[in-house]
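Reading through the structure tokens given below for one structure.
On a predicted model such as this, the values are computed, not experimentally measured, just so you know.
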Amino acid sequence: MNFTRWSARLPGTQRRAAARTDDVVTEDRLSEGAVPAARAEQLTVPFPAVDELPVREVLDRVPALVALVHGPDHRLAYVNDAYVVAFGLRPTGEPARRALPELDEIGLLPLLDQVLRSGKPRTVKSRKAPDGRSYTFTCTPVTEGHGGGGSGGSGVLVFATDVTDHAEAAERLRASERRQRETAVTLQRSLLPQELEEPDDLRIAATYLPGGTEAAVGGDWYDVITLGGGRTALVIGDVMGRGVRAAAVMGQLRTAVRAYARLDLPPHEILQLLDGLAMEIDANQIATCAYAIHDPNEGKLVYASAGHLPILVRDESGVVLRADEPTGPPLGTGGWMHASGSIPLGPGSTAVLYTDGLVERRDQDLDEGIAALERALAGATGTPQVICDRLVRSAGVTAEHDDDVAVMVLQHPAHTGPDGDLFRNAALELLGGVEAAPRARAFASGVLTSWRFPVELHDLGVLAVSELVANSLQHGTPPMRLRLRRTDRRLIVEVTDGDDHLPRRRRAEPGDESGRGIAIVATIASNWGSRRTPGGGKAVWCEFVLPKG
């Protein structure tokens, strides 16, 4: 092949030609005496011009891989020495599919067709060749020109730069990022509850989905905490930021919530404590959180929100309610007094707690995402896990989703038929003075007998009623009330009064005439506790686990 008939415009040629012209002008000026003759002689040493260099000699010495093909079959016209070293000798005149099988193997032949048709250069970055090294291929169209102004055929100049070191460095970086993400995901999942607690009156399911492989895991979390006395705390939160740090902060907040929940405080007081803790953990790290308490006797969900998205509740008729207010700022901001609100959650209702990854999208307003979730919840039926999965699918969450997603669905089933016999309530207003105690014992005995409890459990229940009522009559103030509740798992005894001083268990001396009631209850019951009630007063409760079968 005669290279003098080809014009290959290499990058920088025009700039170097212009520079050569400037040098010639400078030489003329120097010869006129503008500078000393010795200096002029140094600058006029003859050297070959770029246009005078043989093209083949230039290409043979280029360290990059160069190949030249021509015609629609891409017949091989030339390969340089670097190409021969990398892939061996190649027969000229043969189509590229046979002469350059390495290009066919990495899928470069269709690119040659595109370059030939369009007349525009194309570049493919970091393709791994059969020799095990990675190259960036640039394919540039060239035209063969004949004398007299005629035009000849067209070809493609293939220029391959070895980028193996860069590709390996990039792969090492990606592998390091994958390991970091796997560490964060493992930490995140280990800090989430491995199994949700199962309250007597609620059916609960939760789902956590980390962001796609290109996104670092965040700090989404949830938890279910049984408070005793039939009450349940539900919490969901989202730590801002990503990576191991966000997951670690999430773990600290979740542990703190479980500890604070044992104090049985109202939701807004729990968030107040968490707000101070979040500032101590990291003043620059903020988090959103929603904390709710369900009491089956009240038929509602009492909640407080620190910058979190609203809880959604679908009642038994299919109407979806949004718990918008009150909402305070995120945890870690400080200086804000949170408040509690409530939303109905009676038998047959379903509630959804979620993080922003489920409803927030870059191309739509957040309210639109929440509205879409409301519509999906209105038409979702089945078990909590089924509803959870349907809500995730309806939101378009996939494995490549760019944000973490946490969803928790809870149902308060309506107990009917034979199942309804396992869930009973009975209450008695404690009126009068000391005569209220024997009335309470008689009432409890009749109720427990009608519920067909074994004799031993019947007697323990009556004894617990006697001690709790006596304690309330001695240390409490009206109004006083006794409430008995049975579920399919336990018997719950609760006494409320108007005094807000919580009882505590203490050791009574042999000569003491009082102080043994709570100690007796704590000994005979499976669990006991006390809490302050809204509006003043307290509730003291104990529970007995029912024998299986």
Side-chain angles (χ1 to χ4, degrees), residues 1-16 50 53-146 150-175 213-214 400:
M1 188 79 182
N2 186 358
F3 276 91
T4 60
R5 299 171 57 203
W6 286 83
S7 174
R9 292 293 183 180
L10 299 179
T13 300
Q14 295 178 354
R15 290 193 300 271
R16 289 193 292 270
V50 172
L53 292 175
V55 174
R56 182 173 191 125
E57 180 180 349
V58 173
L59 295 181
D60 279 342
R61 296 182 181 182
V62 170
L65 279 58
V66 179
L68 183 65
V69 298
H70 68 92
D73 295 335
H74 309 301
R75 295 184 177 275
L76 180 61
Y78 165 78
V79 291
N80 70 345
D81 292 344
Y83 199 105
V84 172
V85 171
F87 298 111
L89 290 172
R90 291 293 181 262
T92 58
E94 293 290 330
R97 190 173 300 278
R98 292 197 298 269
L100 303 173
E102 57 277 356
L103 300 187
D104 188 21
E105 186 171 335
I106 61 177
L108 204 63
L109 296 187
L111 188 67
L112 299 180
D113 294 333
Q114 295 178 17
V115 171
L116 202 59
R117 287 195 304 269
S118 66
K120 296 180 180 179
R122 296 285 190 272
T123 298
V124 176
K125 295 183 178 181
S126 191
R127 288 287 180 91
K128 197 164 188 178
D131 65 345
R133 305 191 65 80
S134 297
Y135 298 91
T136 290
F137 291 88
T138 299
C139 300
T140 304
V142 293
T143 303
E144 181 181 10
H146 298 284
S151 62
S154 298
V156 178
L157 182 70
V158 181
F159 192 88
T161 306
D162 191 335
V163 294
T164 303
D165 292 342
H166 296 285
E168 291 177 352
E171 180 56 35
R172 287 194 297 270
L173 179 60
R174 286 192 293 269
T213 55
E214 298 301 323
E400 290 75 31

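Looking at residues two or more places apart in sequence or on another chain, you find a side chain to side chain contact (heavy atoms under 4.5 Å, CB included) between Pro121 and Thr140, Pro141. Residues forming a side chain to side chain contact (heavy atoms under 4.5 Å, CB included) with Glu94 (at least two apart in sequence, or on another chain): Pro91, Arg98, Ala99. Scanning for salt bridge (Lys or Arg N to Asp or Glu O under 4.0 Å) contacts around Arg172 gives an empty result, with sequence neighbours left out. In this structure Arg127 satisfies the salt bridge (Lys or Arg N to Asp or Glu O under 4.0 Å) test with no other residue, sequence neighbours excluded. Checked against salt bridge (Lys or Arg N to Asp or Glu O under 4.0 Å), Asp81 has no partners two or more places apart in sequence or in another chain.
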- Go through Leu108 and Phe137 one step at a time and tell me if the side-chain contact (heavy atoms from CB on, under 4.5 Å) criterion holds. CA-CA 9 Å; Leu108 204 63; Phe137 291 88; 3.6 Å; yes
Run the side-chain contact (heavy atoms from CB on, under 4.5 Å) test on Val158 and Val66 for me, step by step, so that the C-alpha distance in whole Å, both residues' side-chain angles and the decisive distance to 0.1 Å come before the verdict.
CA-CA 6 Å; Val158 181; Val66 179; over 6 Å; no
**Request:** Test Asp131 against Phe87 for side-chain contact (heavy atoms from CB on, under 4.5 Å), laying out the working first.
**Result:** CA-CA 7 Å; Asp131 65 345; Phe87 298 111; 3.9 Å; yes
Exercise for the section: Using the side-chain contact (heavy atoms from CB on, under 4.5 Å) rule, take Val69 and Leu100 through it: C-alpha gap first, then chi angles, then the decisive distance, then the call. Expected result: CA-CA 10 Å; Val69 298; Leu100 303 173; 4.0 Å; yes
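More than 12 heavy atoms of other residues, nucleotides or ligands lie within 6.0 Å of CG in Leu173, so this atom counts as buried by the packing criterion.
Asp60 and Tyr83 form no side-chain donor-acceptor contact under 3.5 Å, judged by distance and modelled atom types alone. Inspection of the Glu102 and Tyr135 side chains reveals no N or O donor paired with an N or O acceptor under 3.5 Å.
In this structure, the separation between NE2 on His70 and CG on Leu116 is 11.5 Å, given to the nearest 0.5 Å. Put simply, CD on Gln114 and CG on Leu109 are 11.5 Å apart, with the number rounded to the nearest 0.5 Å. Ser126 contributes atom OG, which lies 9.5 Å from atom CD of Glu171 (distance to the nearest 0.5 angstrom). Atom CG of Leu68 is separated from atom CG of Leu59 by 8.5 Å, given to the nearest 0.5 angstrom. Rounding to the nearest 0.5 Å places OG1 of Thr136 at 7.5 Å from NZ of Lys125.
Residues in residues 109-120 take part in no salt bridge (Lys or Arg N to Asp or Glu O under 4.0 Å) pair, two or more places apart or across chains.
Of all heavy-atom pairs spanning Arg122 and Leu111, the tightest one is CB-CD1, 3.5 Å. Taking both residues in full, the closest heavy atoms of Leu112 and Cys139 are given as CD2-SG, 3.7 Å, listed atom of the first, atom of the second, then distance. Heavy-atom minimum distance, Leu76 versus Val79: CD1-CG1, 3.7 Å. For the residue pair Asn80 and Ala64, the shortest heavy atom distance occurs at ND2-O, 2.8 Å.
With hydrogens and angles ignored, the 3.5 Å screen pairs a side-chain donor or acceptor of Thr164 with a backbone N or O of Ser134.
A salt bridge links Arg75 with Asp73: the closest approach of a Lys/Arg side-chain nitrogen to an acidic carboxylate oxygen falls below 4.0 angstrom.
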